[in-house]
Student: 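Quick one: the structure is below, questions incoming.
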Number of protein chains: 2
Amino acid sequence: MAANSRLTIATHVLAWLALAQRRGQEVLTSDQVAASVNTNPVIIRRSLGDLRRAGLVEVRHGAGAGWSLARPPEEITLLEVYDAVGSEPPFGLHRTEPNLECPVGRGIRPALSEAYGRVERAMRRELTETSIADVLRETLVN
Amino acid sequence: MAANSRLTIATHVLAWLALAQRRGQEVLTSDQVAASVNTNPVIIRRSLGDLRRAGLVEVRHGAGAGWSLARPPEEITLLEVYDAVGSEPPFGLHRTEPNLECPVGRGIRPALSEAYGRVERAMRRELTETSIADVLRETLVN
DNA sequence: CTTTCTGTAACAGATTCTGTTACAGCTGTC
DNA sequence: GACAGCTGTAACAGAATCTGTTACAGAAAG
């Protein structure tokens with residue numbers, strides 16, 4: 001499967017908004033953001049819509065419209081972005097129900113759910129450790 | 001995207017082989033495994049092929065053919081299974097190259113690679129903590 | 001040599017993601 | 001209040017991937 005790039009796009013958008021803000025530019029339009037990400041403005045608006053619903057960005061309508069961060073970039077973690085974009089969990093259970101007459105088929109789904117839950121918690125814990133400000137700092141040294 | 005169920009299928013297969021072995025059944029055919037997972041035998045053979053290439057199972061040909069674990073189930077971790085089935089990493093970078101004339105576009109890929117690397121390492125560390133024997137034990141109490 | 005099952009190719013259907021066009025709706029400014 | 005600028009979202013196309021299925025050549029035990 002093609003890896004999911006939604007977290008990447010959303011993080012790119014937020015980092016760019018953070019930098020623009022630091023440079024004194026209050027808002028950016030989806031066209032301006034799209035120019036940095038090098039994709040279609042609608043893709044950016046979809047991503048920004050996710051981020052707005054999660055309370056991470058604000059939008060201004062009318063003339064001079066555009067987007068800005070709703071919170072300081074130091075306080076926005078990658079976990080919030082991850083949840084905002086609504087990615088699928090990394091592992092899925094069986095698509096078709098296993099044979100419930102087999103002892104393994106009967107009990108494996110709760111067993112795997114627990115194991116997968118531990119892995120996802122470890123992943124989420126690590127996503128908490130990086131903020132948009134961290135990403136921006138790392139970005140600008142490269 | 002539909003979550004990837006390859007790790008689930010492979011783990012199911014290994015747990016079933018482990019239980020059969022404990023019950024004195026030396027080998028299982030792909031048809032027998034498919035009956036427990038409730039899917040097509042070719043799906044199982046594809047999964048078993050991955051596991052064989054990783055050295056986790058052995059195959060016997062000819063009459064009375066079938067599959068068996070190559071190592072004790074206590075020593076097979078979910079990380080090995082995860083690597084064997086060759087899943088995509090959970091996060092992908094941009095599909096199209098970002099705008100390199102933008103400071104964010106220029107530096108964000110290495111920055112994100114590092115952050116994603118930390119997350120994947122946390123995930124892999126946690127996958128090491130569960131073995132096929134653990135999964136089978138949890139499965140049988142349910 | 002026969003039988004049994006593996007290994008893999010080829011293909012169909014479903015699903016998902018990105019990218020694109022199009023257009024209605026909101027809101028400052030004049 | 002009309003206009004202009006940008007958002008929000010629907011609709012659709014193309015590419016990619018995954019599961020499931022059929023088919024068949026190949027290996028090896030007896």
Side-chain angles (χ1 to χ4, degrees), chain A residues 1-10 12-13 17 25-35 37-54 57-68 70 85-99, chain B residues 1-10 12-13 17 25-35 37-54 57-68 70 85-99:
Chain A
M1 139 195 31
N4 207 332
S5 62
R6 270 186 287 175
L7 179 58
T8 293
I9 301 298
H12 187 145
V13 168
L17 286 180
Q25 182 146 27
E26 270 191 45
V27 299
L28 290 178
T29 68
S30 62
D31 273 61
Q32 291 172 308
V33 178
V37 180
N38 190 24
T39 184
N40 193 289
V42 174
I43 305 289
I44 300 300
R45 278 183 243 159
R46 285 205 274 246
S47 184
L48 280 165
D50 289 338
L51 297 172
R52 179 176 55 77
R53 277 182 283 277
V57 298
E58 286 169 348
V59 63
R60 217 159 67 190
H61 276 211
W67 301 85
S68 56
V85 299
S87 297
E88 294 272 338
F91 310 118
L93 294 180
H94 307 68
R95 306 215 165 176
T96 64
E97 181 164 80
N99 182 352
Chain B
M1 140 190 33
N4 207 332
S5 62
R6 271 187 286 174
L7 178 59
T8 293
I9 302 299
H12 186 146
V13 168
L17 286 180
Q25 182 145 25
E26 270 190 44
V27 299
L28 291 177
T29 68
S30 61
D31 272 61
Q32 291 173 306
V33 178
V37 180
N38 190 24
T39 184
N40 192 288
V42 174
I43 305 289
I44 301 300
R45 278 182 243 158
R46 286 206 274 244
S47 184
L48 280 163
D50 289 337
L51 297 172
R52 180 176 55 76
R53 278 182 283 277
V57 299
E58 286 168 350
V59 62
R60 217 158 67 188
H61 277 210
W67 301 83
S68 57
V85 299
S87 298
E88 294 272 339
F91 309 118
L93 293 180
H94 307 68
R95 306 214 163 176
T96 64
E97 180 166 81
N99 182 353

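Side-chain atoms are counted along with the backbone in the values below, which use heavy atoms only and exclude waters and symmetry mates. Just so it is clear: chains get the letters A, B, ... in the order the sequence lines come, proteins before strands, and each one is counted from 1.
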Student: Under the rule for side-chain hydrogen bond (donor to acceptor under 3.5 Å, both in side chains), what residues qualify as partners of R45(B), not counting sequence neighbours?
Tutor: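 For R45(B) the side-chain hydrogen bond (donor to acceptor under 3.5 Å, both in side chains) partners, ignoring immediate neighbours, are S30(B).
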Student: Is the phosphate of dG20(D), meaning OP1 or OP2, less than 4.0 Å from a side-chain N or O of T39(B)?
Tutor: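 The answer is yes; a side-chain N or O of T39(B) sits under 4.0 Å from OP1 or OP2.
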Student: So which one's nearest nucleotide on DNA chain C is more toward 5', V59(B) or T96(B)?
Tutor: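 Residue closer to the 5' terminus by nearest nucleotide: V59(B).
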Student: Go through the structure and list residues passing side-chain hydrogen bond (donor to acceptor under 3.5 Å, both in side chains) with S47(B), not counting sequence neighbours.
Tutor: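 None.
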Student: Under the side-chain hydrogen bond (donor to acceptor under 3.5 Å, both in side chains) rule, collect the residues that match up with D50(B), sequence neighbours excluded.
Tutor: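 If we apply the side-chain hydrogen bond (donor to acceptor under 3.5 Å, both in side chains) test to D50(B), skipping adjacent residues, the hits are R53(B).
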Student: Do any side-chain nitrogens or oxygens of T29(B) fall under 4.0 Å of OP1 or OP2 in dC5(C)?
Tutor: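 So the side chain of T29(B) is outside the cut-off, no N or O lying under 4.0 Å from OP1 or OP2 of dC5(C).
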Student: Output all residues satisfying side-chain contact (heavy atoms from CB on, under 4.5 Å) with A34(B), sequence neighbours left out; order by chain, then residue number.
Tutor: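 Scan of A34(B) (side-chain contact (heavy atoms from CB on, under 4.5 Å), adjacent residues dropped) gives P41(B), I44(B).
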Student: What is the separation between atom CH2 on W67(B) and atom C1' on dA27(D), rounded to the nearest whole Å?
Tutor: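 W67(B) atom CH2 is separated from dA27(D) atom C1' by 13 Å.
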Student: Check salt bridge (Lys or Arg N to Asp or Glu O under 4.0 Å) between R52(A) and all other residues, then give those that pass, not counting sequence neighbours.
Tutor: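 None.
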Student: Nearest whole Å is fine: how far is dC17(C) P from E88(A) CD?
Tutor: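 The distance from CD of E88(A) to P of dC17(C) comes to 7 Å, rounded to the nearest Å.
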Student: Is the side chain of T8(B) donor-acceptor paired with the backbone N or O of G92(A) at a distance under 3.5 Å, no angle test?
Tutor: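 Yes, the answer is positive, given that a donor and an acceptor are paired below the 3.5 Å cut-off.
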Student: Specify the separation, in whole Å, of atom CZ of R95(B) and atom P of dA15(D).
Tutor: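 Spelled out: CZ on R95(B) to P on dA15(D) is 14 Å.
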Student: Output one letter per nucleotide in nucleotides 24-30 of chain C: B when a protein non-hydrogen atom lies under 4.0 Å from the base, S when only the sugar-phosphate is that close, - when neither is.
Tutor: --SB---
Student: What is the separation between atom CG on D31(B) and atom P on dT21(D), rounded to the nearest whole Å?
Tutor: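 Answer to the nearest Å: 13 Å.
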Student: Rounded to the nearest angstrom, tell me the gap between atom CG in N40(B) and atom P in dC11(C).
Tutor: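 It works out to 18 Å between those atoms.
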Student: Roughly how many Å is it from NE2 in H94(A) to P in dG20(D), rounded to a whole number?
Tutor: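 For the pair H94(A) NE2 and dG20(D) P, the rounded distance is 10 Å.
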Student: Would you mind telling me which of dC17(C), dC5(C), dG8(D) lies closest to the side-chain atoms of R6(A)?
Tutor: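 Within the option list, the nearest is dC17(C).
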Student: To the nearest angstrom, how far is R53(B) atom CZ from dT8(C) atom C1'?
Tutor: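 Those two atoms, CZ and C1', are 10 Å apart.
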Student: Do any of residues 41-52 of chain A sit with a heavy atom less than 4.0 Å from DNA chain C, and if so which?
Tutor: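 Those residues whose heavy atoms fall under 4.0 Å from DNA chain C, taken from residues 41-52 of chain A in numerical order, are V42(A), I43(A), R46(A).
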Student: Could you work out, with side-chain contact (heavy atoms from CB on, under 4.5 Å) as the rule, every residue matching A54(A), not counting sequence neighbours?
Tutor: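 In terms of side-chain contact (heavy atoms from CB on, under 4.5 Å), with neighbours along the sequence ignored, A54(A) is linked to L56(A), A84(A).
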Student: In whole Å, what is the span from the CD atom of E97(B) to the P atom of dT18(C)?
Tutor: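 Rounded to the whole Å, the gap is 18 Å.
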Student: Provide the full list of salt bridge (Lys or Arg N to Asp or Glu O under 4.0 Å) pairs with a residue in residues 57-68 of chain A, sequence neighbours left out, each pair given once.
Tutor: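 Applying salt bridge (Lys or Arg N to Asp or Glu O under 4.0 Å) to every pair that reaches into residues 57-68 of chain A, excluding sequence neighbours, yields E26(A)-R60(A).
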Student: Given the rule in the side-chain contact (heavy atoms from CB on, under 4.5 Å) test, do N4(B) and E88(B) qualify, once you have shown the distances and angles that lead to the verdict?
Tutor: CA-CA 9 Å; N4(B) 207 332; E88(B) 294 272 339; 5.6 Å; no
